[in-house]
Amino acid sequence: PVGKPMHHEEWVSSASFSPDGLRILTSSGDHTARLWDAGTGQPIGEPMHHDAYVNSAAFSPDGGRVVTASGDVTALLWDARTQQRIAEPMRHEYQIHHAGFSPDGARVLTGSDDHTARLWDAFSGQPIGDPMRHDESITAIAFSPDGTFAVTASDKAARLWDMLPPNNALPPAWLADLAEAVGGEALSDSGSLVTTDADRFFRLAARLADAPGSDFWSNAGRWFFAD
């Protein structure tokens, strides 16, 4: 062995390196996930706590975030620098065995004893689309290298799923309004750039706050404007 053991209070369920190889991430039956210095084996920061055993933990592709999956029926997103939670809990009906990021870091895939895998926004924690169902517990999940497909394993079968958004999840018209409000400029009918109204950003925030819908884009817009 190299260096000292990295100890938890109960069994260690997973261990992995950060993308830059400088940190190690572990999860444990002691209800925590922890970061460690890969050179010294010393802990980094504070434990990341769940209310039950942590079944798995994974880094985002850029190493800036962590996702943990637990027997407390939640998967949680964490800032890898501060070990603070950064989004709403991602909930299943029963314990979650696995959680991992898409190759672009924008989505999280989870697999649970409730017979479903689910896709989530990796910044807001909001669900994307419908659950992917099996007849038994989900035992493994993975994204394809380009993130366009996912594979799930369960009930003597593995199933392949299309991860591209459905037609009704295409970007809404207000997304262009948001880009113009943030940038402070818009294209006029003649094709020239004009300065946008300073209050446009706040009017758009109010419009989205009052808008119905719980689809991916509505949730993402409300998350963007949240305090």
Side-chain angles (χ1 to χ4, degrees), residues 13-14 16 25-29 31-35 47-134 136-144 147 149-154 159 161-166 169 213-227:
S13 54
S14 71
S16 59
L25 174 64
T26 57
S27 61
S28 171
H31 300 192
T32 72
R34 292 217 68 165
L35 289 168
M48 294 167 277
H49 286 275
H50 276 265
D51 292 331
Y53 41 85
V54 183
N55 289 314
S56 70
F59 280 104
S60 61
D62 65 0
R65 288 165 291 152
V66 164
V67 63
T68 52
S70 173
D72 66 7
V73 310
T74 70
L76 299 178
L77 288 159
W78 308 84
D79 185 312
R81 181 179 59 85
T82 64
Q83 297 86 56
Q84 297 296 308
R85 277 176 48 188
I86 55 175
E88 291 298 312
M90 298 170 281
R91 294 186 183 276
H92 279 261
E93 294 299 316
Y94 294 102
Q95 72 164 314
I96 304 172
H97 287 287
H98 306 283
F101 286 92
S102 59
D104 63 2
R107 295 163 294 167
V108 166
L109 181 64
T110 55
S112 169
D113 273 352
D114 66 7
H115 303 183
T116 72
R118 293 217 66 168
L119 193 65
W120 312 81
D121 184 280
F123 296 96
S124 67
Q126 294 296 317
I128 301 172
D130 295 323
M132 295 164 273
R133 298 188 182 278
H134 280 260
E136 300 292 341
S137 298
I138 307 297
T139 57
I141 56 168
F143 278 101
S144 62
F149 292 94
V151 63
T152 56
S154 175
R159 297 180 182 179
W161 308 86
D162 189 346
M163 292 290 99
L164 293 175
S214 58
D215 61 280
F216 168 71
W217 288 109
S218 297
N219 287 333
R222 284 190 282 269
W223 170 79
F224 180 85
F225 286 110
D227 293 335

Donor + acceptor pair across side chains of Asp113, Gln95 (<3.5 Å) = yes
Ser13: side chain to side chain donor-acceptor pair (under 3.5 Å) partners, not counting sequence neighbours = Ser27
inquiry  = Do Val67 and Met90 have side chains that approach each other closer than 4.5 Å (heavy atoms only, starting at C-beta)?
reply    = yes
query = Rounded to the nearest 0.5 Å, what separation is found between the CD1 atom of Ile141 and the OG atom of Ser56?
reply = 7.0 Å
query = Of the non-hydrogen atoms in Ala99 and Ala58, which two are nearest, and what is the gap between them?
reply = O-CB, 3.8 Å
ask   = Would you say the side chain of Ile86 lies within less than 4.5 Å of the side chain of Trp78, judging by non-hydrogen atoms?
value = no
ask   = What's the verdict on side-chain hydrogen bond (donor to acceptor under 3.5 Å, both in side chains) for His115 and Ser137, showing C-alpha distance, side-chain angles and the deciding distance?
value = CA-CA 4 Å; His115 303 183; Ser137 298; 4.7 Å; no
request  = Side-chain contact test, heavy atoms from C-beta onward, threshold under 4.5 Å: evaluate it for Phe101 versus Leu77 and give yes or no.
outcome  = yes
Pi-cation contact, Phe123 with Arg107 (under 6.0 Å, within 45°) = no
key: Side-chain (Thr74) to main-chain (Leu76) donor-acceptor, under 3.5 angstrom   = no
ask   = Yes or no on side chain to side chain contact (heavy atoms under 4.5 Å, CB included) for Leu35 and Phe59, after CA distance, side-chain angles and deciding distance?
value = CA-CA 10 Å; Leu35 289 168; Phe59 280 104; 3.5 Å; yes
ask   = Backbone N or O of His49 within a donor-acceptor pair of the Thr32 side chain at under 3.5 Å?
value = no
inquiry  = Ignoring hydrogens, what is the shortest heavy-atom contact between Ser102 and Pro61? Give both atom names and the distance.
reply    = O-CG, 3.4 Å
request  = Locate the shortest heavy-atom distance separating Ala122 from Val108; write the atom from each residue and the value.
outcome  = CB-CG2, 3.9 Å
query = When rounded to the nearest 0.5 angstrom, what distance separates CE in Met48 from CD in Gln84?
reply = 10.5 Å
ask   = Where the side chain of Gln83 meets the backbone of Arg81, is there a donor-acceptor pair that is under 3.5 Å apart?
value = yes
query = Just by modelled atom types, is the Val54 backbone N or O under 3.5 Å from a matching donor or acceptor in the Ser70 side chain?
reply = no
ask   = Out of curiosity, Asp72 CG to Tyr94 OH, how far, rounded to the nearest 0.5 Å?
value = 15.0 Å
Student check: side-chain heavy atoms of His50 and Thr68 closer than 4.5 Å = yes
request  = List for me each residue that meets side chain to side chain donor-acceptor pair (under 3.5 Å) alongside Ser144, sequence neighbours excluded, and say none if there are none.
outcome  = Asp146
ask   = Does Ser154 reach the main-chain N or O of Glu136 with its side chain, forming a donor-acceptor pair under 3.5 Å?
value = yes
request  = Please report the closest heavy-atom contact between Ile138 and Ala117, naming both atoms and the distance.
outcome  = CG1-N, 4.0 Å
Thr139 backbone acceptor or donor facing His98 side chain under 3.5 Å = yes
inquiry  = Would Leu109 and Met132 count as a side chain to side chain contact (heavy atoms under 4.5 Å, CB included) here? Give the steps.
reply    = CA-CA 10 Å; Leu109 181 64; Met132 295 164 273; 3.6 Å; yes
message = Holding to side chain to side chain contact (heavy atoms under 4.5 Å, CB included), I want the full list of residues that pass it with His92, two or more places apart in sequence or in another chain.
response = Ile96, Thr110, Ser112, Asp114, Thr116, Arg118, Trp120
